[in-house]
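Here's the structure, in structure tokens; my notes come after.
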Amino acid sequence: MKLNLLSKLLFVMLLAFTVNSFIYFSFGNIYSSKILNYTDFSKQFHSGIYQYRILSGYFLIWIYDFLSSLNIDYKIFKLKFQDPNSEPQMYLSFYILNTIFMVLSASILFFITETTNFVATNAEKILIASLAIFAMAFAQFVIVPYDISSYFFLLLFFYFLLQYLQKSSILLLAFLMIIILISTLNRESSALSLSLAGTLLYSKFGFKRETFQPILLLGIAFIAVYFGMRFLNQSFSTNDGNLFSQNFSEPKNILGLLFWITFFIFSLIIAKNRNAKQQILIFHFLSLPYILMCFYTGIIYEIRLYVPLFLTSILLGRTELLRIH
């Protein structure tokens, strides 16, 4: 890797680490204060839909247990919590887990922007990566163990999908399936990887066998894990139920909806050309099942729900593929 490329990679990694550290240590968290202890975290994330997001939960508990083996004086961090039951050790576990995946996400962002299919100036590449980092960090007023890691797996899928579109090898397709398998163990929003694959495969091949065959195999990988975990647990429950009316009536959720609209328009504004805008629109269309579920059972004020759509959109806005007729 050339020195200039290495310096840019180190910059985005440093930016990710710095911004995420400020988010965790410079602001008091209100929204997620109830789960910042081991007991309440375990109670919430081992029930309902959360019990299927097992990968990042295991990572968090492993970090928590590792910190337990160290003789740390948590007073040095000068942490202040809204809830007296909050544990500095749990909070620090969240910070370590999400900062690691934030830095990894920044690295993959850099590699995506350096692919031959990503058309942008050096300044635009850095600005787009930086914008993505700030968006991921800003959304962490909701602290959970699986969001930042889910962005990483989505971006990793994006990168290797671009490699597959350059050289349609069975090995690369198998690796994409493995990413889907792992990311679905982490969070069911891995379905957005299928929407991304459908968008870029259609952009290159149109309605041809080369589009539908990979989508079918990737879809099988997603379904196998998604339904497999639920059949093993013999439960398909969710915690929140139907929140559709609340998402269009409560002021905070309306503010969240404004975020969705604003950042969707923003991704279209900075898109390179008409074809790039079309890719963004197709991606959102293919993501309708995810979007509808967000409005039905999610809390729209939690803008983290739109972040994976936004990250993918700003990258699609600069991704160009040669159409094969």
Side-chain angles (χ1 to χ4, degrees), residues 1-27 29 55-56 59-60 62-63 66-67 77 91-163 175 178-179 182-183 186-187 189-190 192-193 196 263 267 270 303-304 307-319:
M1 184 181 294
K2 295 181 181 179
L3 181 60
N4 186 41
L5 294 179
L6 180 60
S7 64
K8 288 192 291 186
L9 172 61
L10 293 175
F11 168 76
V12 295
M13 293 173 67
L14 178 62
L15 180 65
F17 174 82
T18 304
V19 172
N20 214 55
S21 297
F22 267 91
I23 290 294
Y24 276 82
F25 294 116
S26 300
F27 301 93
N29 187 280
L55 188 64
S56 51
F59 286 155
L60 183 74
W62 183 87
I63 294 172
F66 175 74
L67 292 178
F77 297 106
Y91 189 74
L92 192 60
S93 299
F94 274 109
Y95 164 72
I96 292 171
L97 175 67
N98 287 329
T99 301
I100 289 173
F101 276 106
M102 179 72 87
V103 173
L104 290 173
S105 297
S107 303
I108 297 298
L109 276 166
F110 165 79
F111 287 114
I112 291 173
T113 62
E114 293 299 324
T115 59
T116 56
N117 297 114
F118 197 87
V119 182
T121 65
N122 285 328
E124 288 170 339
K125 291 176 182 178
I126 288 294
L127 288 172
I128 288 172
S130 300
L131 173 63
I133 290 168
F134 277 99
M136 289 186 285
F138 178 65
Q140 284 186 91
F141 65 83
V142 183
I143 299 179
V144 290
Y146 46 75
D147 275 349
I148 305 299
S149 53
S150 72
Y151 307 153
F152 165 73
F153 288 120
L154 177 61
L155 293 170
L156 187 68
F157 184 89
F158 198 125
Y159 175 77
F160 282 101
L161 179 61
L162 291 177
Q163 307 307 309
F175 191 67
I178 291 172
I179 295 174
I182 296 173
S183 60
N186 186 64
R187 195 170 190 267
S189 61
S190 58
L192 291 175
S193 295
L196 171 61
F263 277 69
S267 67
I270 67 171
I303 58 174
R304 65 192 179 86
V307 168
L309 294 167
F310 177 68
L311 295 177
T312 308
S313 295
I314 59 174
L315 294 174
L316 286 174
R318 292 287 165 167
T319 301

With sequence neighbours left out, write down each residue that passes side-chain hydrogen bond (donor to acceptor under 3.5 Å, both in side chains) with Ser130, or none if nothing qualifies. none

Would you name the heavy atoms of [X] and [Y] that are closest together and state the gap between them?
X: Ser105; Y: Tyr151; value: OG-C, 4.2 Å
X: Met136; Y: Ile148; value: O-CD1, 4.0 Å
X: Lys8; Y: Phe110; value: CB-CE1, 3.8 Å
X: Leu67; Y: Ser93; value: CD1-OG, 3.5 Å
X: Leu97; Y: Pro145; value: CD2-O, 3.4 Å
X: Ile133; Y: Ala16; value: CG2-CA, 3.8 Å

Pairwise distance [atom1]([X]) to [atom2]([Y]) - rounded to 0.5 angstrom:
X: Met13; Y: Thr18; atom1: CE; atom2: OG1; value: 11.5 Å
X: Ile179; Y: Phe153; atom1: CD1; atom2: CZ; value: 9.0 Å
X: Leu10; Y: Leu15; atom1: CG; atom2: CG; value: 12.5 Å
X: Leu155; Y: Ile112; atom1: CG; atom2: CD1; value: 5.0 Å
X: Phe141; Y: Ile143; atom1: CZ; atom2: CD1; value: 11.0 Å
X: Thr113; Y: Leu5; atom1: OG1; atom2: CG; value: 9.0 Å

Can you name the ring-ring contact (aromatic ring centres under 6.0 Å, His included) partners of Phe66, sequence neighbours left out? Trp62

Going by heavy atoms in the side chains, are [X] and [Y] under 4.5 Å from each other?
X: Leu196; Y: Leu161; answer: yes
X: Leu162; Y: Thr319; answer: yes
X: Leu131; Y: Leu127; answer: no
X: Leu9; Y: Ser107; answer: yes

Looking at Phe17, I want to see if its CZ is surrounded by more than 12 non-hydrogen atoms of other residues, nucleotides or ligands under 6.0 Å.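 Counting neighbours around CZ of Phe17, 12 or fewer heavy atoms of other residues, nucleotides or ligands fall under 6.0 Å, so no.
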
For Ile182 and Ile178: C-alpha separation, side-chain torsions, deciding distance, then whether side chain to side chain contact (heavy atoms under 4.5 Å, CB included) applies. CA-CA 6 Å; Ile182 296 173; Ile178 291 172; 3.8 Å; yes

Out of Phe138, Phe310, Phe263, which one pairs with Ile303 under the side chain to side chain contact (heavy atoms under 4.5 Å, CB included) rule?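 Between Ile303 and the candidates, side chain to side chain contact (heavy atoms under 4.5 Å, CB included) is satisfied uniquely by Phe138.
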
If only side-chain N and O atoms count, and only distance matters, is there a donor-acceptor pair under 3.5 Å linking Asn29 with Tyr91? no

Decide whether Ser56 and Asn186 meet the rule of one side-chain donor and one side-chain acceptor closer than 3.5 Å.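 Result is yes, a qualifying pair exists.
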
Any donor-acceptor N/O pair, [X] side chain to [Y] backbone, under 3.5 Å:
X: Thr115; Y: Phe111; answer: no
X: Thr312; Y: Leu309; answer: no
X: Ser149; Y: Tyr146; answer: yes
X: Asn98; Y: Val144; answer: yes

Tell me if the centroids of the rings in Phe25 and Tyr95 come within less than 6.0 Å of each other.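 Yes, they do, as the ring centres are separated by less than 6.0 Å.
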
Using the side chain to side chain contact (heavy atoms under 4.5 Å, CB included) rule, take Ile100 and Phe59 through it: C-alpha gap first, then chi angles, then the decisive distance, then the call. CA-CA 11 Å; Ile100 289 173; Phe59 286 155; over 6 Å; no

For Glu124, check salt bridge (Lys or Arg N to Asp or Glu O under 4.0 Å) against everything at least two apart and list the hits.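 Counting only residues at least two positions away or on another chain, Glu124 forms a salt bridge (Lys or Arg N to Asp or Glu O under 4.0 Å) with Arg318.
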
